[in-house]
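Just below is one structure, and these are the notes that go with it.
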Amino acid sequence: MTELTYLQAISAALWEEMEADERVLLLGEDIGPFGGAFKVTKGFVERFGERRVMDMPMSEWAFVGAAIGAAMLGLRPVVEIQFADFIATPFDMIVNQAATCYYRWQAPVPLVIRAPSGGGLRAGPFHSQNPEAWFVHRPGLKVVAPASPRDAKGLLRAAIRDNNPVIYFENKYLYRKVKEDVPDGDWTVPIGQADVKRRGRDVSVIAYGSMVYEALEAAETVAAGGIDVEVLDLRTLLPLDRDAILGTAERTGKVIVVHEATLTGGVGGEVTAIIAEHAFELLDAPLVRLAAPDTPVPFSPPLEDFFRPNAVKIAEAVRKLAAY
Amino acid sequence: MTELTYLQAISAALWEEMEADERVLLLGEDIGPFGGAFKVTKGFVERFGERRVMDMPMSEWAFVGAAIGAAMLGLRPVVEIQFADFIATPFDMIVNQAATCYYRWQAPVPLVIRAPSGGGLRAGPFHSQNPEAWFVHRPGLKVVAPASPRDAKGLLRAAIRDNNPVIYFENKYLYRKVKEDVPDGDWTVPIGQADVKRRGRDVSVIAYGSMVYEALEAAETVAAGGIDVEVLDLRTLLPLDRDAILGTAERTGKVIVVHEATLTGGVGGEVTAIIAEHAFELLDAPLVRLAAPDTPVPFSPPLEDFFRPNAVKIAEAVRKLAAY
Amino acid sequence: MTLATAVRSLTRDDLHTLLYWMRLTRAFDDRVRLLYNQGRIPGAAFSQRGHEAISVGSSFALGPDDVVAPMHRDLGAYLLRGMTPRRIMAQMMGRVTGVSRGRDVNTHGMGDLSLNIIGYVSPLPDSMPLAVGAALAFQYRGEARVALTYFGDGSSSEGGCHESLNLAAVWRAPVVFICENNQYAYSTPLSRQLTVENIADRAAGYGFPGIVVDGNDVLAVYEATQAAMARARRGDGPTLIECKTMRMLGHAYHDDGSYVPRDLLDEWSRRDPLLVYERQLRDLGALTDDELAALDRRIAAQVDDAVDFAEASPWPAGEDCLEGVYAL
Amino acid sequence: MTLATAVRSLTRDDLHTLLYWMRLTRAFDDRVRLLYNQGRIPGAAFSQRGHEAISVGSSFALGPDDVVAPMHRDLGAYLLRGMTPRRIMAQMMGRVTGVSRGRDVNTHGMGDLSLNIIGYVSPLPDSMPLAVGAALAFQYRGEARVALTYFGDGSSSEGGCHESLNLAAVWRAPVVFICENNQYAYSTPLSRQLTVENIADRAAGYGFPGIVVDGNDVLAVYEATQAAMARARRGDGPTLIECKTMRMLGHAYHDDGSYVPRDLLDEWSRRDPLLVYERQLRDLGALTDDELAALDRRIAAQVDDAVDFAEASPWPAGEDCLEGVYAL
Ligand SMILES: Cc1ncc(C[n+]2csc(CCOP(=O)(O)OP(=O)(O)O)c2C)c(N)n1
Ligand SMILES: Cc1ncc(C[n+]2csc(CCOP(=O)(O)OP(=O)(O)O)c2C)c(N)n1
Ligand SMILES: [Mg+2]
Ligand SMILES: [Mg+2]
């Protein structure tokens with residue numbers, strides 16, 4: 001076991017996979033000598049050289065495309081998009097090219113795209129986005145969004161070893177805020193499995209990314225009032241873990257789905273729909289979604305605090321639902 | 001009244017708005033002398049000249065951006081993306097630039113992006129897509145998807161007169177397949193209002209685009225068996241007409257949401273979630289979604305027929321739900 | 001390449017091989033048009049006429065381990081690289097025996113890594129960076145392989161074209177870009193797309209050679225590509241070769257192309273790549289009437305066989321569409 | 001522009017106006033850095049040092065009805081076009097009195113159509129086509145107005161840069177593009193971004209002039225822009241002006257920029273645009289010590305006032321974030 005922050009866990013996964021597999025290489029803006037905008041790849045170019053840690057000119061569409069071509073020819077590229085907000089620039093290359101090659105002509109595209117996402121850092125409309133839902137609506141991609149250092153490491157390893165394009169949303173807010181013991185050695189967290197982070201009987205909170213911590217905090221708060229909350233961390237958003245989602249709905253009969261992304265068209269709708277379709281009879285109350293309001297991510301601290309879901313808002317929603 | 005096909009209705013709206021408002025101009029690939037890939041703008045350049053009907057070089061990102069700039073400076077551009085599938089190319093310009101300028105610095109962007117979408121035409125993975133859900137997840141945009149010639153005309157007029165960027169999904173399958181009397185004169189269909197296309201008591205089918213016709217056909221089929229189906233045509237996907245959605249759910253207590261887009265992460269999840277949150281107590285059965293399976297749009301006729309939802313599949317789902 | 005040089009560097013067999021692929025491409029394409037018009041090909045199909053010298057001449061310069069990413073007017077490249085007429089015709093008809101097993105339409109998605117062919121998607125020019133990435137993989141492993149890809153005059157206006165050329169330059173990647181300037185992007189003439197005479201001149205903005213060749217002269221295309229491949233293999237980086245030609249039919253077979261001025265087509269029909277090459281070979285004394293007739297008979301038989309094969313092939317079963325979205 | 005020409009075409013007042021905006025830009029930026037380091041500015045803020053001659057010299061060439069779309073190192077352009085130090089400082093601090101009313105961060109979203117300023121988004125170079133579109137609107141209405149915009153060396157590699165330049169060329173649009181080549185894109189030096197000496201040379205690929213100027217010489221920037229504006233206004237189309245400079249501090253204030261070689265900075269610090277211009281004015285006998293001191297006092301007072309105003313301004317109320325997503 002080694003205690004790692006969320007950021008260190010990501011670095012460690014990259015480092016170890018590069019040590020273990022010569023085919024793994026990194027492409028991204030400022031990831032070389034600078035170590036990346038968030039320092040995830042600090043020290044990498046010194047160890048692995050410029051051949052394997054490649055600073056990119058600003059041309060996300062082409063370097064994602066080049067990574068796809070390299071992946072087809074046997075490499076296993078990991079691309080860093082400096083901020084998830086800029087993933088709209090190579091969007092076509094991801095949704096039209098990467099997602100469909102295997103289906104159309106059986107060319108596996110073992111590619112990971114790391115996209116630092118999320119707000120709470122006073123970074124405004126273009127350095128705070130949570131665009132995961134776009135990719136969840138694209139068959140052929142896989143989408144993961146780990147919350148804990150352990151999952152961050154295990155899922156990144158699994159993503160690198162996967163033979164499909166995986167969009168890996170890492171939550172910037174968590175980079176240095178969370179820390180835990182992470183097992184050493186060669187293990188992975190399988191893509192497609194959610195994780196019950198807290199068992200409870202009264203209300204389920206389904207969340208992912210930074211909202212998992214807010215949910216856990218809310219659970220502690222309401223526990224004092226006798227409400228026993230189960231927290232399910234989705235971890236993977238495509239494919240969703242249907243069994244785990246229906247399982248928690250069955251156990252508590254009352255479900256709140258929480259995400260940092262804006263409400264309308266978000267992943268919460270999909271999760272809610274799955275429950276409403278397949279666990280309807282087990283429900284004791286309306287389904288509830290808690291998400292950011294439908295606006296761009298505002299910058300100013302009071303605005304962003306209002307915008308962003310948090311433990312207080314979750315606790316309030318839990319109390320209301322428990323009382324239903 | 002004039003009988004118009006869906007395609008003629010779109011052309012008529014463009015034509016009349018251009019006649020009425022000198023600020024309206026068209027930008028797109030092959031829309032000039034050629035009249036557009038689907039001939040929507042046939043005859044336009046002859047009437048309005050190259051100044052107002054502009055053939056574009058292949059550079060969707062920049063011409064959408066130019067349309068935004070022109071809109072800020074007082075024009076009202078209507079952009080044609082040749083196939084909705086290629087809307088991933090200017091994606092950044094739409095979601096980051098067009099959608100946010102008003103929120104951030106109060107610059108209205110009166111822009112319409114016409115995106116011919118939908119399958120059923122043996123056109124394969126890149127000429128058949130239904131990418132509306134991506135835009136529904138972007139505050140600042142409006143999204144419409146008319147099904148009838150009347151709505152096609154009225155919504156396009158409303159979109160052109162709207163001071164916000166509107167993504168107008170026109171369904172290629174319907175272009176020449178549907179025809180109806182459309183009122184003459186200056187009227188619009190307000191953005192944000194769904195329309196009950198058929199009243200019924202037993203089961204609600206909520207649909208949009210080409211699926212409205214499949215739903216209506218299914219309704220006729222099952223009517224023979226004594227099942228009375230209500231068909232709600234959403235027409236606008238952002239903002240969704242919450243009252244109409246909850247209203248039909250209340251009336252029948254049994255709801256099927258249908259779309260041509262793939263299931264996971266589609267608009268159906270959002271609609272279902274709204275009902276599960278706000279009309280839970282009025283429901284008599286689980287919510288049901290019927291959509292394309294999670295794959296790229298396949299080309300070969302048997303594959304596409306299997307892939308695409310249709311009246312037969314809807315009727316089957318209605319029967320099952322009615323019997324619940 | 002003067003005819004004389006060609007004869008020095010190519011055997012008589014080579015010259016006939018080029019002729020074969022060009023005439024096969026033409027015959028196959030003519031048949032596709034016929035079948036399309038007869039309603040025997042669902043969807044759509046792109047015209048190839050006028051492009052035979054480019055696709056064949058350039059891909060003839062590939063070594064066995066080189067990778068090619070052909071586009072929608074490069075039927076000749078697919079054929080030459082070993083994709084059989086049978087598989088391609090079945091692809092056109094959406095049968096299980098087609099390259100994409102009925103999943104993708106016409107020349108889209110006709111990739112096969114065992115043949116070192118990368119398939120294309122419809123958004124353009126999305127194959128360009130893939131070729132650059134393939135070249136990166138070669139560099140990475142120290143392999144002396146080269147990647148070759150194509151783009152149109154229309155596609156040259158897309159941002160991705162610029163990004164790909166620049167990335168290739170920065171990496172000094174072993175990649176060759178062939179610009180097929182057929183003077184139209186769908187219905188849009190060059191005059192509405194760009195303001196310069198030669199797209200190849202833009203290579204100067206990336207510091208690598210940009211060359212203009214007659215795209216209707218297969219030997220010229222071959223020679224230029226051959227030189228560019230050698231340069232790339234030596235580690236000297238990319239080349240952009242602009243092949244000037246004319247799209248002789250509509251964009252695809254649903255388009256009659258009537259917006260193209262008649263006299264422009266007339267002028268270019270006199271430069272038909274098959275005619276030009278036949279004349280060259282005859283001038284060299286390298287082709288007899290009998291040889292040509294025999295070749296055409298062989299080709300016709302192959303095309304017939306491809307059609308028979310395709311039409312006898314089963315349609316995919318509907319539920320097949322669910323399978324294989326993800327690699328294991 | 002030689003000093004002599006400058007003096008002929010510019011009044012002494014003009015020369016002092018330029019000096020004022022440059023020194024205000026510097027002083028404002030220095031204060032932002034200080035406030036940022038003191039934790040009084042949330043989020044981030046981009047460094048402006050080294051860019052003052054470009055933003056001021058170019059935007060000084062604008063007529064009152066011309067439109068400018070400045071980017072993240074063009075503080076001088078915002079100021080010169082009439083955005084007050086108060087509004088900008090309040091913007092930096094996220095107050096309701098800021099340009100975006102607390103919605104966008106630092107120089108992002110600082111648009112105001114009443115000042116003919118188009119705000120920018122973070123993805124780059126997303127203002128370029130907007131400027132082309134503004135120019136299109138001018139052409140459309142037959143107005144003799146010009147649009148001016150900026151992009152960095154890093155942004156030159158983005159596909160959108162190519163598309164925007166090409167579109168402007170095809171339309172012969174009245175637009176001027178200023179490339180601020182400060183030799184770095186965040187931490188990435190030119191050598192990893194492109195393979196040519198001058199980005200301006202790429203203009204040849206679009207058939208319009210590409211000009212290289214000393215970006216640290218405000219008069220040179222002004223003169224080149226002025227000529228390009230006149231050309232655009234005459235209907236002769238776009239110009240690309242590449243201003244060579246150096247980003248003298250980190251990318252933004254959280255970045256110490258330590259990856260930039262010390263001696264490169266030393267060399268360029270001797271060419272500091274404020275120093276260069278002060279020297280020019282003194283050589284011309286157009287600036288006295290007293291004048292300079294008075295100017296700096298006035299500027300310091302303005303900056304103080306802006307800070308006081310911003311800090312006395314209210315924060316937005318949380319629920320304000322819900323309002324105004326859509327225009328009526
Ligand atoms: C991004 C994108 N926009 C639009 C299209 C639609 N489209 C298909 S082919 C074509 C013209 C292509 O012209 P060019 O690159 O010159 O190739 P050509 O067809 O002439 O060989 C267009 C506009 C597309 N495929 N991709
Ligand atoms: C599409 C996109 N990718 C990445 C970024 C992140 N980013 C912000 S500024 C910057 C460097 C910009 O370099 P340059 O264009 O030279 O401008 P400079 O900052 O040097 O003035 C980068 C990579 C971005 N803003 N947009
Ligand atoms: Mg062409
Ligand atoms: Mg720079």
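Chain identifiers are assigned alphabetically (A, B, ...) following the order of the sequence lines, protein sequences preceding nucleic acid strands; residue numbering begins at 1 within each chain. Bear in mind that the values here come from a model prediction, so they are computed numbers and not experimental data. Values reported hereafter were calculated over all heavy atoms of this structure, with side chains retained and with hydrogens, waters and symmetry mates removed.
Heavy atoms of B:Tyr324 lying under 4.5 Å from chain A belong exclusively to its side chain. Residue B:Ala279: no heavy atom, backbone or side chain, is found under 4.5 Å from chain A. Residue B:Ile87: no heavy atom, backbone or side chain, is found under 4.5 Å from chain A. Proximity to chain A (any heavy atom under 4.5 Å) is shown, for B:Pro296, by both the backbone and the side chain. Residue B:Leu238 touches chain A through its side chain alone, counting heavy-atom pairs closer than 4.5 Å.
Residues A:Trp134 and B:Val95 share a closest heavy-atom pair of CH2-CG2, 3.8 Å. Between A:Thr100 and B:Phe126 the shortest heavy-atom distance is OG1-CZ, 3.6 Å.
The candidate with the highest count of non-hydrogen atom pairs below 4.5 Å against chain A, out of B:Pro298, B:Pro239, B:Gly124, B:Ala285, is B:Ala285. When each of B:Thr262, B:Leu237, B:Val136, B:Thr272 is checked for heavy-atom pairs under 4.5 Å with chain A, B:Thr262 comes out on top. Ranked by heavy-atom pairs under 4.5 Å with chain A, the first of B:Asp85, B:Asn96, B:Val257, B:Val288 is B:Asn96. Per-residue heavy-atom pair counts under 4.5 Å with chain A were compared for B:Gly269, B:Ala273, B:Pro286, B:Gly140, and the maximum is reached by B:Pro286. Per-residue heavy-atom pair counts under 4.5 Å with chain B were compared for A:Leu240, A:Leu283, A:Thr295, and the maximum is reached by A:Thr295. Per-residue counts of heavy-atom pairs under 4.5 Å with chain B were compared for A:Glu281, A:Gln129, A:Glu270, A:His278; the largest is that of A:Glu270. Across B:Phe299, B:Phe86, B:Phe91, the residue that shares the most heavy-atom pairs under 4.5 angstrom with chain A is B:Phe91. Considering only heavy-atom pairs separated by less than 4.5 Å from chain B, the leading option among A:Thr264, A:Thr89, A:Asp92 is A:Thr264.
Summarising the geometry, atom CD1 belonging to A:Ile274 is positioned 6.0 Å from atom CZ belonging to B:Arg289; distances are rounded to the nearest 0.5 Å.
Within the 4.5 Å cutoff, the side chain of A:His137 has no heavy atoms near those of the B:Val267 side chain.
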